[in-house]
Asker: 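This is the structure I have questions about; it appears just below.
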Amino acid sequence: MEAIWRAWEHLRLEPALGVSTWWLNHADPHMRVLMDKEGPFKKCGYDGHKTSALDRTALPHKTPEAEIFD
């Protein structure tokens with residue numbers, strides 16, 4: 001997101017093709033990946049985060065000895 005923002009800040013001041021270049025080379029390719037159904041936000045929804053049943057179970061672990069935190 002910072003890369004998209006930095007590109008915008010630079011290109012928005014270009015009088016001829018700056019904004020067009022930003023849309024074609026920065027916004028469109030990045031947003032296509034970010035908003036893809038299998039992209040990084042695939043578990044997000046308008047009504048909250050969707051966590052599958054498999055993700056809700058804790059990883060196997062051993063309870064540490066009580067004195068370890070003293």
Asker: Over all heavy atoms of both residues, which pair between Pro40 and Leu34 is shortest? Give the atoms and the distance, please.
Answerer: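 For Pro40 and Leu34, the tightest heavy-atom pair comes out as CG-CD2, 3.8 Å.
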Asker: Hydrophobic cluster membership, with links at side-chain heavy-atom distances under 4.5 Å among I/L/V/M/F/W/Y: are Met1 and Met35 in one?
Answerer: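 Met1 clusters together with Met35.
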Asker: For the hydrophobic clusters of this structure (ILVMFWY residues joined by side-chain heavy atoms under 4.5 Å, transitively), does one cluster hold both Phe41 and Met31?
Answerer: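 Linked within one cluster.
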Asker: Drop me the distance from Leu11's CG to Ile4's CD1, to the nearest 0.5 angstrom.
Answerer: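 These two atoms lie 12.5 Å from each other.
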Asker: Between His10 (side chain) and Arg6 (backbone), is there a donor-acceptor pair under 3.5 Å?
Answerer: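 Not a single qualifying donor-acceptor pair exists.
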Asker: Nearest 0.5 Å please: distance from the CH2 atom of Trp8 over to the CH2 atom of Trp23.
Answerer: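 Trp8 CH2 to Trp23 CH2: 8.0 Å, rounded to 0.5 Å.
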Asker: Distance check, rounded to the nearest 0.5 Å: Ile68 atom CD1 versus Thr63 atom OG1?
Answerer: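 Nearest 0.5 Å value for the CD1-OG1 distance: 11.5 Å.
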Asker: As an exercise, state the distance from CG of Asp36 to NZ of Lys42, rounded to the nearest 0.5 Å.
Answerer: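 So the gap between those two atoms works out to 9.5 Å.
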